[in-house]
Number of protein chains: 2
Amino acid sequence: MIRVFIVDDHPVVIEGIHSLLQNEKGIEWAGQAMNAASCLGFFVNNTADVVLMDISMPGMDGVELCAVMKEKYPGIVILGLSTFNQGLYIKKMMENGASGYILKNSSKEELIEAIHAVHTGDIYFSGEVGKALTEYQKYSKKELPLLTSREKEVLALIAEGYTNPQIAEKIFLSPFTVDSHRKNLLAKLNVKNTAMLIKLAVENKLF
Amino acid sequence: MIRVFIVDDHPVVIEGIHSLLQNEKGIEWAGQAMNAASCLGFFVNNTADVVLMDISMPGMDGVELCAVMKEKYPGIVILGLSTFNQGLYIKKMMENGASGYILKNSSKEELIEAIHAVHTGDIYFSGEVGKALTEYQKYSKKELPLLTSREKEVLALIAEGYTNPQIAEKIFLSPFTVDSHRKNLLAKLNVKNTAMLIKLAVENKLF
DNA sequence: TTGCATATCCCCTGAAACAGTGATTCTATA
DNA sequence: TATAGAATCACTGTTTCAGGGGATATGCAA
């Protein structure tokens with residue numbers, strides 16, 4: 001009997017999955033939560049085998065929650081769940097210990113297959129997700145380097161139209177320092193001017 | 001008896017709403033479709049009172065489908081349905097004849113309230129959506145001015161990192177002309193430098 | 001036909017951005 | 001403890017942008 005728990009901030013999704021899994025032999029409904037906090041609360045006194053976890057939730061999101069859960073309860077298997085086919089998040093969630101990922105628009109059969117697969121220790125990706133992942137890998141071949149917090153701060157201010165001197169004043173730094181960060185941003189992200197920098201930053205939500 | 005039809009490409013959402021509305025007095029399940037085509041097919045020989053319509057679907061999306069439906073069957077009330085709280089789409093869908101908009105993470109009560117409201121001719125927005133809409137209105141108050149094709153061309157090249165002289169060479173213009181377009185872009189969009197320009201452009205898909 | 005918008009072109013100035021080089025301090029960690 | 005990275009600051013150029021002037025031609029629409 002696989003006890004399935006679900007964390008999703010959308011009642012209709014919880015309801016829908018509940019309904020899909022009802023009467024499914026071998027699968028038992030362990031419970032549900034609409035946010036990270038109540039999920040963690042549940043697992044203090046209870047447990048489950050597989051957790052279906054939405055990726056985007058108010059407060060702590062699925063990516064983080066996944067990391068926390070896997071640290072506290074390494075035995076619990078986590079299956080990512082999202083409306084969108086976003087390689088970046090899929091990857092992050094996998095890095096944080098998820099065992100697979102399915103889209104909310106997958107069929108009942110896929111859902112059940114996925115639950116069984118991850119429960120037996122497999123890694124499961126529905127076809128579409130797999131594609132997205134490889135697409136993403138392709139797209140992010142250049143593997144965007146991690147920005148430091150200072151760099152992100154400066155980047156955000158650049159995007160808002162502040163000039164180096166203005167930024168310097170705003171965050172109490174020398175204009176030279178701001179310029180250094182700016183140069184580092186250009187170098188790290190391998191772009192040659194502000195226009196490209198901001199385009200890349202906005203497209204990849206870098207700040 | 002309000003006959004409710006749902007168009008959504010996510011089985012769990014259909015299932016979830018079906019389950020929520022089951023046993024709800026005054027509401028009858030008219031049917032369901034997972035894409036625009038089968039929705040239109042259904043209404044050839046059938047009808048419904050309220051259509052819950054997902055905004056993002058493969059193929060024809062909710063915004064378009066809404067327009068088509070309202071043209072063919074003006075009497076049918078359409079209630080937008082989406083995971084996200086995106087003012088732009090909400091607005092478009094309303095312009096296309098929708099009677100309201102709710103989020104998929106709204107409660108059962110909200111959902112039922114919304115169905116009754118739009119059925120009696122009201123416009124319904126769940127609280128959060130209302131906020132997003134006014135936020136959006138605020139944001140898009142300045143109603144982004146239309147760019148000329150030349151301006152869009154220049155804008156796209158700026159975003160790709162080309163400098164004025166390079167752009168000039170690329171599209172066979174004087175650098176002065178390119179500069180003029182650039183200045184017009186800044187003026188039209190009411191931004192003060194390239195960073196803001198590109199941010200705005202990318203966020204609003206201006207090219 | 002008289003505007004108006006678009007598109008083109010030109011000049012000047014000051015302010016930023018960009019590029020290259022170098023240096024100090026601090027902290028995390030190998 | 002030694003090293004690497006982050007964060008800080010500094011100087012010197014060159015290039016580009018931004019803002020201020022104008023000017024001409026064309027085509028569409030009131």
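Values below: every heavy atom of this structure, side chains too, minus hydrogens, waters and symmetry copies.
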A.B. asks: Within this structure, what is the CE-to-P distance between B/M196 and D/dG19, rounded to whole angstrom?
C.D. replies: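 Value for this atom pair: 11 Å.
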
A.B. asks: Count the heavy atoms of every other residue, nucleotide or ligand shown that sit under 6.0 Å from NZ of A/K192, and state whether that count exceeds 12.
C.D. replies: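 More than 12 heavy atoms, drawn from other residues, nucleotides or ligands, come within 6.0 Å of this atom.
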
A.B. asks: Are B/K188 and B/E151 within salt-bridge range, i.e. N to O under 4.0 Å?
C.D. replies: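 Yes, charged N to carboxylate O under 4.0 Å.
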
A.B. asks: Without decimals, in angstroms, what is the distance between A/L173 CG and C/dT25 C1'?
C.D. replies: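 These atoms are roughly 14 Å apart.
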
A.B. asks: Test side-chain hydrogen bond (donor to acceptor under 3.5 Å, both in side chains) on B/T177 and B/R150 and set out the steps.
C.D. replies: CA-CA 10 Å; B/T177 308; B/R150 238 355 180 191; over 6 Å; no

A.B. asks: Check whether any side-chain heavy atom of A/N35 lies under 4.5 Å from a side-chain heavy atom of A/L65, and answer yes or no.
C.D. replies: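 With C-beta onward as the side chain, the pair stays apart.
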
A.B. asks: If only side-chain N and O atoms of B/R150 are considered, is one of them under 4.0 Å from the OP1 or OP2 phosphate oxygen of C/dT8?
C.D. replies: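 Checking B/R150 against C/dT8: at least one side-chain N or O falls below 4.0 Å of OP1 or OP2.
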
A.B. asks: Please determine whether the number of non-hydrogen atoms from other residues, nucleotides or ligands lying under 6.0 Å from atom CD of A/E169 exceeds 12.
C.D. replies: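 Atom CD in A/E169 is not packed in, count stays at 12 or less.
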
A.B. asks: Starting at atom CZ of B/R182, determine the distance to atom P of D/dG20, rounded to an integer number of angstrom.
C.D. replies: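 These atoms are roughly 17 Å apart.
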
A.B. asks: How would you label the contact of B/N184 with the nucleic acid (heavy atoms, under 4.0 Å): base, sugar-phosphate, or nothing?
C.D. replies: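 Result for B/N184 = nothing.
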
A.B. asks: Tell me, do A/I55 and A/L81 make a side-chain contact under 4.5 Å, heavy atoms counted?
C.D. replies: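 The answer is no; the side chains never approach within 4.5 Å.
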
A.B. asks: Is any side-chain N or O of A/N164 closer than 4.0 Å to OP1 or OP2 of C/dA17?
C.D. replies: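 Yes, because at least one side-chain N or O of A/N164 sits under 4.0 Å from OP1 or OP2 of C/dA17.
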
A.B. asks: Side-chain N or O of A/S149 versus OP1/OP2 of D/dA7: is the shortest distance under 4.0 Å?
C.D. replies: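 For D/dA7, OP1/OP2 do have a side-chain N/O of A/S149 under 4.0 Å.
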
A.B. asks: What's the closest nucleotide to the B/D179 side chain, out of C/dA17, D/dC9, D/dG19?
C.D. replies: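 Given the options C/dA17, D/dC9, D/dG19, the side chain of B/D179 is closest to D/dG19.
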
A.B. asks: Determine the contact category for B/S180: base if any of its heavy atoms lies under 4.0 Å from a base atom, sugar-phosphate if only primed atoms, P, OP1 or OP2 are that close, otherwise nothing.
C.D. replies: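 Touches a base.
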
A.B. asks: Side chain of A/L186 only, please: which of D/dC9, C/dC18, C/dT21 is the nearest?
C.D. replies: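 Nearest to the side chain of A/L186 among the choices is C/dC18.
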
A.B. asks: Do any side-chain nitrogens or oxygens of A/T148 fall under 4.0 Å of OP1 or OP2 in D/dG5?
C.D. replies: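 Checking A/T148 against D/dG5: no side-chain N or O falls below 4.0 Å of OP1 or OP2.
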
A.B. asks: Does D/dC9 have OP1 or OP2 sitting under 4.0 Å from an N or O in the side chain of A/T177?
C.D. replies: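 Answer is yes, contact under 4.0 Å.
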
A.B. asks: Rounded to whole angstroms, how far apart are CZ on B/F172 and C1' on C/dA7?
C.D. replies: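 To the nearest whole Å, that distance equals 17 Å.
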
A.B. asks: Take the protein atom CD1 of B/I198 and the nucleotide atom P of D/dC17, then report the distance between them rounded to whole Å.
C.D. replies: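 It works out to 11 Å between those atoms.
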
A.B. asks: According to a strict under-4.0 Å criterion, is A/T163 in side-chain N/O contact with OP1 or OP2 of C/dA17?
C.D. replies: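 For C/dA17, OP1/OP2 do not have a side-chain N/O of A/T163 under 4.0 Å.
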
A.B. asks: Given that B/F176 and B/N193 both sit by DNA chain C, which one's nearest nucleotide is further toward the 5' end?
C.D. replies: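 Result of the comparison: B/F176.
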
A.B. asks: State whether A/H181 places a side-chain N or O below 4.0 Å from either non-bridging phosphate oxygen (OP1 or OP2) of D/dT8.
C.D. replies: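 So the side chain of A/H181 is within the cut-off, an N or O lying under 4.0 Å from OP1 or OP2 of D/dT8.
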
A.B. asks: Can you tell me how far C1' of D/dG5 sits from NZ of A/K183, to the nearest Å?
C.D. replies: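 Roughly 18 Å, once rounded to whole Å.
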
A.B. asks: Just the rounded figure in Å: distance from P of D/dT15 to CD1 of B/I167.
C.D. replies: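 Roughly 18 Å, once rounded to whole Å.
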
A.B. asks: Does the base of D/dG19 carry an N or O that pairs as donor and acceptor with the side chain of B/K192 under 3.5 Å?
C.D. replies: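 Counting by modelled atom types and ignoring angles, no donor-acceptor contact under 3.5 Å is found here.
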
A.B. asks: Whole Å only: how far is the CD atom of A/E151 from the P atom of D/dT8?
C.D. replies: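 So the CD-P distance, A/E151 to D/dT8, works out to 10 Å.
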
